[in-house]
Structure formats: C-alpha cells, structure tokens
Amino acid sequence: MGKVMSIAGRQVQRFNVENRAQKVISQAKPKPAPKFESNLRDLERVLKEHPEIVEEQSRKNVQLDENLRQVYVTSKDVMIDSKMPQSQDSDKPLPINRSSVEEYEFGHLEPRTVTKGRCTLRQAVQFIANHQTDPQQWTSAKIAEYHNMKEPLVKNILDHFKSFEVHLPNKNLERRRVLTRVEPSKQIE
C-alpha cells in the first residue's frame, strides 16, 4: 500500500508543474523570504544607529559604474582542422620500445637494496624452505645472523609460515579405497 501511495503522491506533486513554474517565473519581482522577528529588530536598530547605510544603498556609485563600463570581453573564433589530431608537442618523438612490461615472479618488483633487519619475499621463501629441508643446519639463530634480522622475528616467521609440501598417497591404499566404494560387500585383503 505504501508504494501505491508514494506513486500517487508523486503524480499529485508533479501535476501542472510547468504552468505553476511559468507563473512564478513571470512575476515581476519575487517575494523575499520571511525574516525572523529577532532579525527585524536587529535591522531596525542598525538603521536607527547608522542612517547613512540607507543613503549609501539608494545612491549610485559612480566609480563602480565607470569601472564596469571599461570592462570589455572579446572572443575570436579559431578554425580547427578536425581531420588532423592535435598533439601537445609535435617535435617530441614517439616511443620506440612498444613491448609489454615483464611480469614479476612474486607479483611485484623486488627492491634492489634491503634495509638491515628486513628481508625480501624471495629471501623469506628461501630461508623457510632451507629450514624445512634441514632444520638442524638452518636454525633460526643462523638465519637471523645471515640476514641481519632479530632472532625472535625469524623464529615467528618459521613458526607461522611454511612452504607447500607434496604428499603422495600410497597407490595400493588409494586403489583399495576406490574398490571398497564400488563393491562394499567384497573386502579386499
């Protein structure tokens, strides 16, 4: 019911809107907005104290009128050839290398220099993989010393991040699972 009422209300608001707008526009002088009583009292007080404001408003300022008469606006039409594309600098040569930008291994450009106490993504992946393959040789202390990092930071990295490991299932076990699904009544020994 609410949607029907809003549609009907909107149509009533828009009824004969062009004629009503034309009537308001064609009036000689628009009515000023109503003022608050406090504003009217302040305005009367200011006009009583400073009657020169009324005189200044009703008098024509000759200097401003003369300044307006000296202002001229001139325009010149320039014919533009639409067949020729416009360029900012016609002497500038076009680029010679049009090859695409190479994609980076880790999705972003690696920095050339690394500040002390930090490592790149490539270095982090490398020392995580080294630690997973041989944890006795690549301890967190040795990695921290090698990369000039704090040992607790390296230990946290090694605890929370691991490289992918591939686990290959036993083929006989997988075959046994497939067969038991197909024939549940027969048990394979």
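Keep in mind it's a predicted model, so treat the numbers as computed, not measured.
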Residues passing the side chain to side chain donor-acceptor pair (under 3.5 Å) test with Asn130, sequence neighbours excluded, are Gln126
Gln132 side-chain N/O to Ser163 backbone N/O, donor-acceptor pair under 3.5 Å
yes
Answer yes or no: is there a side-chain heavy-atom contact under 4.5 Å between Thr120 and Phe106?
no
Result for side-chain contact (heavy atoms from CB on, under 4.5 Å) between Gln123 and one of Arg118, His147, Glu110 points to His147
Before accepting this row, confirm whether a basic side-chain N of the pair Lys155/Asp159 lies closer than 4.0 Å to the acidic partner's carboxylate O.
no
More than 12 heavy atoms of other residues, nucleotides or ligands under 6.0 Å from CD of Gln70: is that the case?
yes
Are side-chain heavy atoms of Lys3 and Ile7 found at a separation under 4.5 Å?
yes
Within a 6.0 Å radius of atom CZ on Arg69, are there more than 12 heavy atoms belonging to other residues, nucleotides or ligands?
no
Which pair of heavy atoms, one from Glu151 and one from Ser140, lies closest together, and at what distance?
OE2-OG, 3.5 Å
Is a side-chain donor or acceptor of Ser26 paired with a backbone partner of Lys23 at a separation under 3.5 angstrom?
yes
About how many Å separate CD of Glu52 and CZ of Arg59, when rounded to the nearest 0.5 Å?
10.5 Å
Counting only heavy atoms not in Glu37, do more than 12 fall under 6.0 Å of its CD?
no
Is it the case that one hydrophobic cluster holds both Val54 and Leu43, taking links as side-chain heavy atoms less than 4.5 Å apart, direct or via other members?
yes
Under the criterion side chain to side chain contact (heavy atoms under 4.5 Å, CB included), I'd like the reasoning laid out for Arg45 against Asp42: C-alpha separation, chi angles, the key distance, then a yes or no.
CA-CA 5 Å; Arg45 184 181 49 82; Asp42 290 340; 4.0 Å; yes
Side chains of Asp65 and Lys60: closer than 4.5 Å at any heavy-atom pair?
yes
Candidate pair Leu158 and Ile143, rule side chain to side chain contact (heavy atoms under 4.5 Å, CB included), full reasoning:
CA-CA 10 Å; Leu158 294 175; Ile143 293 170; 4.1 Å; yes
Decide if atom NZ of Lys162 counts as having more than 12 heavy atoms of other residues, nucleotides or ligands within a radius under 6.0 Å.
yes
May I ask whether Val125 and Ile157 are part of the same hydrophobic cluster, defined by side-chain heavy atoms of I, L, V, M, F, W, Y residues being less than 4.5 angstrom apart, directly or through others?
no
Can you tell me if Gln137 has over 12 outside heavy atoms packed within less than 6.0 Å of its CD?
yes
Under 30°, 30 to 60°, or over 60°: which ring-plane class applies to Trp138 and Tyr146, parallel, tilted or perpendicular?
perpendicular
Is it the case that atom CD in Glu102 sees more than 12 heavy atoms from other parts of the structure closer than 6.0 Å?
no
Going through the distances and angles, do His131 and Thr139 end up as a side chain to side chain contact (heavy atoms under 4.5 Å, CB included)?
CA-CA 7 Å; His131 178 75; Thr139 61; 5.9 Å; no
Is it the case that over 12 heavy atoms from other parts of the model lie below 6.0 angstrom from the CD atom of Glu18?
no
Is it true that Asn16 and Asn19 share a donor-acceptor pair across their side chains at a distance under 3.5 Å?
yes
Membership question, hydrophobic clusters at under 4.5 Å side-chain separation (ILVMFWY): are Phe161 and Val154 in the same one?
yes
Taking Glu105's backbone N and O only, do any of them form a donor-acceptor pair with Arg122's side chain (distance below 3.5 Å, no angle check)?
no
